[in-house]
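These notes are about the structure you will find just below.
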Amino acid sequence: MDVNGNFPAWKKKKRKFKIGKDGQKIKLKPSFPISVFPKPAQPNGVIRQSGGQESNISASLTIKKKKKFKKNKNKQNGIAVEMKDEFMTSSVQLTNGVLTKKAKVELKTIPSLLRVVEKPATPVRSISNLFASQSDSKVNYSEKTVKPVKPSLLGTPVPSVSKTTISKSSVARTIAFTPSKDNVKSTTPSTPKFVPNSEKFTRPQLPIDVVEQQLMYELASQETLIVIGETGSGKSTQVPQLCVRAGIAEKGAIAVTEPRRVAAVSLATRVAIEMGTDIGGVVGYHVRFENATTHKTKIEYMTDGIVLRKALVSPLLDKYSTVIIDEAHERSLHSDVLMCILKKCQEQRRESKNPLRLIIMSATLQADKFQAYFDNAKVVLVAGRTFPIEVFHVNPKINKSFSSTDYVYNTVICVKHVHLNEPKGHDILVFLTGSEEIEAVAHQLAELNGSLPASADFILPVPLYAALRPEKQKEAFRKTPQGARKVIISTNIAETSVTIPGIRVVIDSGKVKSKRFEATNRIDVLKVHNVSKAQAKQRAGRAGRDAPGKCYRLYSREDFHKFETENMPEILRCNLSATFLELMKLGMKNPHRLQLLDPPEPENIDAALLELTSLGAIKPITSDRNKFILTDMGNSFCMYPLPPDHARVLFQAQKEGCIMEAIKIIAAMQTDALFSGGSDSKSDLDVERIRRRFETREGDHITLLKLVLLTNNFFDQLNSKTEADARYNKSNKSLEREYNEAIRKFCNDNMINEQHLKTASMIEDQLKEIAVEQNVPFSTCGADFTKIRKSIAVGMFLNSCEYDRQEDRYRLMINPAITLKIHPSSCLSRSKPAYIVFSELMKTNDLYALQVTLIDADWVRPLITEHKKIRKNHLAESAQRIQQIAQVEPKAKKPKLNTTL
DNA sequence: TGGGGATTT
């Protein structure tokens, strides 16, 4: 490929910020954050950090910073800080053949040499007047100008926070503090301020401190509060602490929900340090498989899925006085559903002694939408703290050869341009859509090295995507070798989930691959789309984490303006059956009446209802067929953290007498492909050969079972060997090393992804535990896999297909108009049996069935007949409903979750 | 005979 085209013609984005009064550019460097994060031991092996709070300080860095401090000692009034290594380990251990995750948290207190400059004590308002009107407040908020602060912990200047005025009007329902990048003022040096919230730890100033007083006031007086703050504002760590200091936590713990596990864990760890306690003390976290909270815990960081699960058990969530939904702008399925539930919860608890306080924290300015949703709740804005980023767009007027569709080619040209023009040592992060593209670009960039001028550095392409083997993923985090420039080519995993240090340039293709659920046909469509504006902004932001950065966009500014403003919320593009099942457990009867931030399409709602009805999980109420209730079976589905059809498989397996096997398979199905491990040294042929070893004629689910049984066997042997070795007085350390080495070798030999295997194993345990609680009798089918195949067929009968010899395709039995192929990754793709059932239907270039099992048509025929009957009624009813709605128009009454809530 | 973005209970 010729990569010498004159493609790069960039429109430079007007620099919006950091121009001082005198027209002088102000270079902004944040004081380095003091933080301690867990050792990078994350579920999929990637070093993951939370959305906006990442920072990582290693011992070496500390030393470096100390030197800096010495240099600036006098300027900084002799303030010094010394940090010690903090660490926390979380490891997976094997006991009695069962993999368990053990978290060992060791937090040392930081001996701070910092001379704390005392700050006037924050007025802590009594909570007795929780919902007192503003006029009751004695605090004078009139025209108080908070001086911009420029504290500098170790000589590095802190980005100036824009001039803030908290005026009386801000107490009214208006946005109080508008951080404007144009408004950035050159600041006058002032005494550093530190918040004396702990004797043991002193953190540097954060932008949120500027609005601390206002926040405290609003926290005490508002039932619902919306906090808008960009990356680096400190809202995720400070708002919960402010709640505690405001005395809110006395009525119940503060729950903070995060969309990702790592964010929950790392935020909790950091806040624990700031508050000078251990994890599990005043601060804790609760994510799946790991509950580090105690009765003492006042701030609980949790994943949103956990809170949802908790709501199923105790719908009023009365353990908590406050729920904070963090990263609400991400619009994850769980957080959207939570907001809906919590609103109802709030209504129910309003008159009680323990009302529920809600805090919605979001990054992008979608304040209006949240505000409208939460009955005109107050909004507090907090400035962010990132480095300035120069944004360039392609200018198609100058460069006639540019074609926006050929973004892979453009990427390579752009990397070359950047490589030859940007200073050495500035690493590049490229955003593309999928592994194929990424590998292709990586290959071309490696080749490009041959044609570079002698003076140029070496280009080191590093692919990064979720399906990549963990040890390969780690390469993105290695230090760039001397004489090279690291070019990380990534999917949107690097957008929020992962933060790579040292990135100074971002190249954004403007494309993303995303899955959308086509409800009418129950098909997942995986397609490349343009990113949203918010996403483009997020991507650009990845260049400004450590220093000022640049972002090159492979699309014109005109194209950019055509992009959607925000990402499509997950709730609008996924199968709603699992969500509705949960909501019905909470007492929701008519999902069409559900008040969500973005209501899903009626067709999508109906499809989920039809699915749940056909599975026997819900049934319409005789008096009003628009309303549904859970059946006994549906009720028991709710106990399992599984999609309803998978739960149905377990239910059937119980009848068939193969619950043990079913649990193993279903658990393995919850993780991504187990077959993705192994090392680089294996050729494609080897890979094929190893995979063939597990292949069965019965299909992929049985293959999965055989694999799990083999690993169980392996672990049993390994454990008895380890026990025997222990008797010979081997040291614990060498035993552990051998043990881990053996696991690694086993996974490598069998091309198994170690992390996924561990996850599957933990899910297996979880499912077993639930089955025991549910008094499910233990049963096994031994080598008779027919029973298990039947369970799978019955549970997922909606996915059964019949082979059409003429077409050489399969026809979906519930809708024969749909024809599909077995994906070639399936072990049945060649044998093409007459009847199959699949786990998933995915549309890419063709319609493919993934994870396929051979079935007997008689197993599913009665269910399909029944389904068709239900569907017929269902369709008639939804047509009727649409008519009704048209007549009743407009909204007759406020929908309610009228329930046990 | 083809290829798959990311979360989470």
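Each chain gets a letter, A, B and so on, in the order its sequence line appears, and its residues count up from 1.
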How many whole angstroms separate atom CD1 of A:Ile438 from atom C1' of B:dG3? 13 Å
Ignoring hydrogens and geometry beyond distance, is a side-chain donor-acceptor pair present between A:Ser825 and A:His823 at under 3.5 Å? yes
Return the CD1 to CD1 distance between A:Ile488 and A:Ile503, rounded to the nearest 0.5 Å. 4.0 Å
Taking any heavy-atom pair under 4.0 Å as a contact, classify A:Asp304: base, sugar-phosphate, or nothing. nothing
Measure from the side chain of A:Lys513, starting at C-beta and using heavy atoms only, and say which of B:dG4, B:dT9, B:dA6 lies closest. B:dG4
Taking the minimum atom-to-atom distance to the side chain of A:Glu582, which one of B:dT9, B:dG2, B:dA6 wins? B:dT9
Using a cut-off of strictly less than 4.0 Å, decide whether A:Arg261 has a side-chain nitrogen or oxygen near OP1 or OP2 of B:dT9. yes
Report the nucleotide, chosen from B:dA6, B:dG2, B:dT8, that has the shortest atom-to-atom distance to any side-chain atom of A:Lys515. B:dA6
Counting the atoms with a prime plus P, OP1 and OP2 as sugar-phosphate, which does A:Ile763 contact under 4.0 Å by heavy atoms, base, sugar-phosphate, or nothing? nothing
Given B:dG5, B:dT9, B:dG4, the nucleotide with the shortest approach to the side chain of A:Thr844: B:dG4
Cut-off 3.5 Å, side chains only: do A:Glu564 and A:His529 have a donor facing an acceptor? no
Counting only side-chain N and O atoms of A:Tyr848, is one of them less than 4.0 Å from OP1 or OP2 of B:dG3? yes
Considering only heavy side-chain atoms of A:Asn845, the closest of B:dA6, B:dT9, B:dG3 is B:dG3
Closest to side chain of A:His823, choosing from B:dT9, B:dG5, B:dG3: B:dG3
Candidates B:dT9, B:dG2, B:dA6 - which lies nearest the side chain of A:Thr303: B:dT9
When the distance from CZ of A:Arg573 to P of B:dA6 is rounded to whole Å, what number comes out? 13 Å
Name each donor-acceptor pair under 3.5 Å that joins a side chain in residues 836-845 of chain A to protein atoms two or more places apart or in another chain, with its distance.
residue: A:Ser839; atom: OG; partner: A:His701; partner atom: NE2; Å: 2.7
residue: A:Ser839; atom: OG; partner: A:Gln851; partner atom: OE1; Å: 3.0
residue: A:Glu840; atom: OE2; partner: A:Lys515; partner atom: NZ; Å: 3.4

Considering only B:dA6, B:dT8, B:dG5, which nucleotide approaches the side chain of A:Glu570 most closely? B:dA6
Heavy-atom side-chain proximity of A:Val323 to A:Met302 below 4.5 angstrom: no
Tell me the interatomic distance from A:Gln766, atom CD, to B:dT9, atom P, rounded to whole angstroms. 9 Å
Consider the side chain of A:Pro824, meaning its heavy atoms from C-beta on, and name the nucleotide among B:dG5, B:dT9, B:dG2 that approaches it most closely. B:dG2
Rounded to whole angstrom units, what separation is found between the CD atom of A:Glu290 and the P atom of B:dT8? 12 Å
Taking the side chain of A:Ala466 as heavy atoms from C-beta outward, which of B:dG5, B:dA6, B:dG2 is closest to it? B:dA6
